[in-house]
Amino acid sequence: QLQASGGGLVQAGGSLRLSCAASRRTASNNGMGWFRQAPGKEREFVAAVDWRGGTTLYADSVKGRFTISRDYAGNTVYLQMKSLKPEDTAVYYCAVSRRSVGSRTRAEYQYWGQGTQVTVSS
């Protein structure tokens with residue numbers, strides 16, 4: 001139901017844009033978010049957006065560098081990542097919230113994508 005793409009290998013300071021496509025039934029009235037999981041670490045919140053795309057949330061570690069957005073139809077969410085750092089290396093997962101707003105809490109999300117690898121070299 002969720003298909004994430006756009007990951008890859010990039011040098012520190014570079015940029016990547018992740019995309020996550022969801023079915024209309026799955027996501028058009030729901031908040032969406034991005035989480036990431038580095039090896040040996042817990043999955044952590046990165047960014048979230050409400051169903052209209054008007055309200056966003058960010059982890060402190062990415063604020064000012066990452067931008068979350070969604071398309072007009074509401075079925076695709078993007079994560080524009082700039083000024084990437086080696087510590088941003090992780091598998092990035094998109095998710096659909098149970099509610100119309102985004103959330104920092106994993107339990108608030110009902111559907112998860114398969115993940116896309118982002119590797120930032122120093």
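All figures in this text were calculated on a predicted structure; none of them were measured in a lab.
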Please determine whether residues [X] and [Y] belong to a single hydrophobic cluster, defined as Ile, Leu, Val, Met, Phe, Trp and Tyr linked transitively by side-chain heavy-atom distances below 4.5 Å.
X: F66; Y: V10; value: yes
X: V96; Y: Y93; value: no
X: W34; Y: L2; value: yes
X: V101; Y: M32; value: no
X: W51; Y: V77; value: no

Problem - Partner residues of K63 under the side chain to side chain contact (heavy atoms under 4.5 Å, CB included) criterion, sequence neighbours left out - result: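 Counting only residues at least two positions away or on another chain, K63 forms a side chain to side chain contact (heavy atoms under 4.5 Å, CB included) with Y58, D60.
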Problem - Pairing residues for D71 by the side chain to side chain contact (heavy atoms under 4.5 Å, CB included) criterion, not counting sequence neighbours - result: A73, T76, Y78
Output the distance between atom [atom1] ([X]) and atom [atom2] ([Y]), rounded to the nearest 0.5 Å.
X: N29; Y: R52; atom1: CG; atom2: CZ; answer: 10.5 Å
X: R36; Y: F45; atom1: CZ; atom2: CZ; answer: 11.0 Å
X: Q1; Y: Q110; atom1: CD; atom2: CD; answer: 8.5 Å
X: S61; Y: E44; atom1: OG; atom2: CD; answer: 5.5 Å
X: S103; Y: D50; atom1: OG; atom2: CG; answer: 12.5 Å

Exercise for the section: Test the R98-Y109 pair against the cation-pi criterion, namely NZ or CZ under 6.0 angstrom from the six-membered ring centroid and within 45° of the ring axis. Expected result: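 No, R98 and Y109 do not form such a contact.
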Practice task
Please confirm whether R43 makes a cation-pi placement over W112, using NZ or CZ under 6.0 Å from the six-membered ring centre and within 45° of the ring normal.
Solution key: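 Yes, R43 sits over the ring of W112.
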If every non-hydrogen atom of [X] is compared with every non-hydrogen atom of [Y], which pair is closest and at what distance?
X: L18; Y: Y92; answer: CD1-CB, 3.6 Å
X: V118; Y: L16; answer: CG1-CD1, 3.9 Å
X: A38; Y: T89; answer: CB-O, 3.7 Å
X: V46; Y: V62; answer: O-CG2, 3.5 Å
X: Q80; Y: S15; answer: NE2-CB, 4.1 Å
X: R104; Y: L57; answer: NH2-CD2, 4.1 Å

Judged by atom type as modelled, is there a donor-acceptor pair below 3.5 Å linking the side chain of [X] to the main-chain atoms of [Y]?
X: Q114; Y: A4; answer: yes
X: N75; Y: A22; answer: no
X: N30; Y: S97; answer: yes

Practice task
Check the pair D88 / R65 against salt bridge (charged side-chain N to carboxylate O under 4.0 Å, His left out), numbers first and verdict last.
Solution key: CA-CA 11 Å; D88 294 318; R65 299 188 297 121; 2.8 Å; yes
